[in-house]
Amino acid sequence: MKNNVAKIPFVNLNLQHQQIQTQLQQVMQTVLDTGDFILGAKLQEFETIFANLSGVEYGIGVASGTDAIALGLQACNIGSGDEVILPANTFVATLIGVLRAGAKPLLVDCKPETALIDLEAAARVITPNTKAIIPVHLYGQMVSPTELLDFANTYKLLIFEDAAQAHLASREGYHAGSVGIAAAFSFYPSKNLGALGDGGMLVTKDADVAQKMLRLRNYGASSKYYHTEPGTNSRLDTLQAAILLEKLPYLPQWNSDRYQAAQQYNLELNSVALPGINPIQNHSQSGHVYHLYVIRVDANSSIQRSCLQEKMTAAGIQTGIHYPIPCHLQPAFTNLGYQPGDFPHAEKLSQQILSLPMYPGLTHSQVKAVVLEIMHSVSPQKNKLLYI
Ligand SMILES: *Cc1c(COP(=O)(O)O)cnc(C)c1O
């Protein structure tokens, strides 16, 4: 029976690259011919278009999403002596960005239903030194912009969005990237908009932040060989920008493919109604761009998460865990002084979440096969009948 189950990868980038292969080859040849490899015309074009699509004026391409956070915070004048609030259940790059900017991270717990930062918990850690909050639009779902803006107004904090998983996401009429003073995007290959290598961008509505970011990514130079601050070398390659520019027109369709697949997962999971197995909730309707589709395997389930994952793997279905260890329990950050038990929702989620295959081009029958395999893994007896 298991041999009949199609192999379903966790992501499949070949599908999108085959779709536009000729265009990609042409544009790579164009960059090769023009030779403007660093800070070239295609970079500027991509920066402007992507920033505008995200609802703001300025875009500054950098070498990675991590650099967009680290340098972006610096561009917002956040650094030594400042505290920055962020969720414990994010990819470590959010935390690394704060530390690299020289600020002190204040980790907080998340809401169990959405896995998004808990703003009530955030309010409890604020001190006179707290300068900013980094909402992470995790899995492709924005943190509520109206709640964020209320929060930031009440406590006089800056909002710096980590939108690395939320290209073109929206909620309550806001685009990801347009809520705060600035936002960081990543173009890591498997992100909703991915380069053929590393890349990132800071987008901002603030002209001063944009100017400082332009300097920081280019050795701190305000003009050639004149350096006003100790910046670094972190530019998005013209080649990668040209590739991203070719992909960009397809992004709305690719996001909508993800959304459709997610809707189908919801439907299929709902119809099999397995106790203790539920998707992370979407509170933002069609504005969710489903970088990841994540289910939760809780104590009411007859199977443990690890066991389910093993069975899925054996059946040829790749899954992931985003993320298996919350930031505060990573060995690299023990010096921050956090303990197990500090963020119970984040910790519980890290033990219960499972990311299912999700990418543009994932078919209806593949989604069906994934849910059927979950059902089979959870209750082999019940399912045997269905297979007869
Ligand atoms: C991918 C990611 C980053 C880091 O981006 P890189 O381009 O890999 O440096 C930061 N935050 C989140 C939430 C991410 O998913």
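Indexing begins at 1, ligand by ligand and atom by atom, following the structure's order.
Comparing A164, A68, S190 against atom 12 (C) of ligand 1, the shortest heavy-atom distance belongs to A164.
Of the protein's non-hydrogen atoms, the one nearest atom 8 (O) of ligand 1 is S186 OG, 4.0 Å. Here the heavy atom of the protein found nearest to atom 1 (C) of ligand 1 is K191 NZ, 1.5 Å. What sits closest to atom 13 (C) of ligand 1 on the protein, heavy atoms only, is D162 OD2, 3.5 Å.
Atom numbering of ligand 1 starts at 1 in the shown order; those under 4.0 Å from a heavy atom of G65 are 5 (O), 6 (P), 7 (O), 9 (O). In the vicinity of A93, heavy-atom distances shorter than 4.0 Å reach the ligand 1 atoms 3 (C), 4 (C), 10 (C). Annotation for ligand 1: atoms under 4.0 Å from non-hydrogen atoms of T66 are 4 (C), 5 (O), 6 (P), 9 (O). Heavy-atom proximity to T94, at under 4.0 Å, picks out these atoms of ligand 1: 11 (N).
Taking the six-membered ring for Trp and thresholds of 30 and 60 degrees, W254 and Y250 have nearly parallel ring planes, at less than 30 degrees apart. Between Y259 and Y290, the two ring planes are tilted [angle within 30° to 60°]. Ring-plane geometry between Y265 and Y293 is classed as parallel, the angle between the planes falling under 30 degrees on a 0 to 90 degree scale with a further cut at 60.
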- Query: Step by step, would you call H283 with R171 a side-chain contact (heavy atoms from CB on, under 4.5 Å)?
  - Reply: CA-CA 9 Å; H283 290 177; R171 186 167 179 176; 3.5 Å; yes
- Give the C-alpha distance, both sets of side-chain angles, the deciding distance and a yes or no for side-chain contact (heavy atoms from CB on, under 4.5 Å) between V136 and L86. CA-CA 8 Å; V136 178; L86 71 155; 5.6 Å; no
- Task: Please step through side-chain contact (heavy atoms from CB on, under 4.5 Å) for the pair Q318 and I8, ending with a clear verdict.
- Result: CA-CA 6 Å; Q318 284 180 356; I8 305 176; over 6 Å; no
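At most 12 non-hydrogen atoms from other residues, nucleotides or ligands lie less than 6.0 angstrom from CD of Q44.
Using 4.0 Å as the threshold, H291 has no heavy atom nearer than that to any atom of ligand 1.
For the pair Q165 and ligand 1, the shortest N or O to N or O distance falls below 3.5 Å.
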